[in-house]
Amino acid sequence: MLRSDPPDDSLDDLREAQRMLRRAGVVLAVSVAVPFVVLDMP
């Protein structure tokens, strides 16, 4: 590891941020798709 490398604890923060973004993406996709399915029903 180089001296200029960030400490390892920042990697945990990065992973947590990626998990949150993934969850937000899933929630956004579902919240967009559900109204289309509901409105398409006769």
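Just so it is clear, the structure is predicted and the values come from calculations on it, not from any experiment. In this chain, numbering begins with 1 at the start of the sequence shown.
Cluster note: Leu28 groups with Val32, Phe36 through ILVMFWY side-chain heavy atoms spaced under 4.5 Å, whether in direct contact or through intervening members. Hydrophobic clustering, defined by side-chain heavy atoms of Ile, Leu, Val, Met, Phe, Trp and Tyr closer than 4.5 Å, leaves Met20 isolated from every other such residue.
Atoms CD and CG, on Glu16 and Asp13 in that order, are 8.5 Å from each other to the nearest 0.5 Å.
Val37 meets the side chain to side chain contact (heavy atoms under 4.5 Å, CB included) test with Met41; sequence neighbours excluded. Every residue two or more places apart in sequence or in another chain was checked for a side chain to side chain donor-acceptor pair (under 3.5 Å) with Gln18, and none qualifies. Looking at residues two or more places apart in sequence or on another chain, you find a side chain to side chain contact (heavy atoms under 4.5 Å, CB included) between Val26 and Val30.
Here side chain to side chain donor-acceptor pair (under 3.5 Å) pairs that include residues 22-34, with residues two or more places apart or in two chains, number zero.
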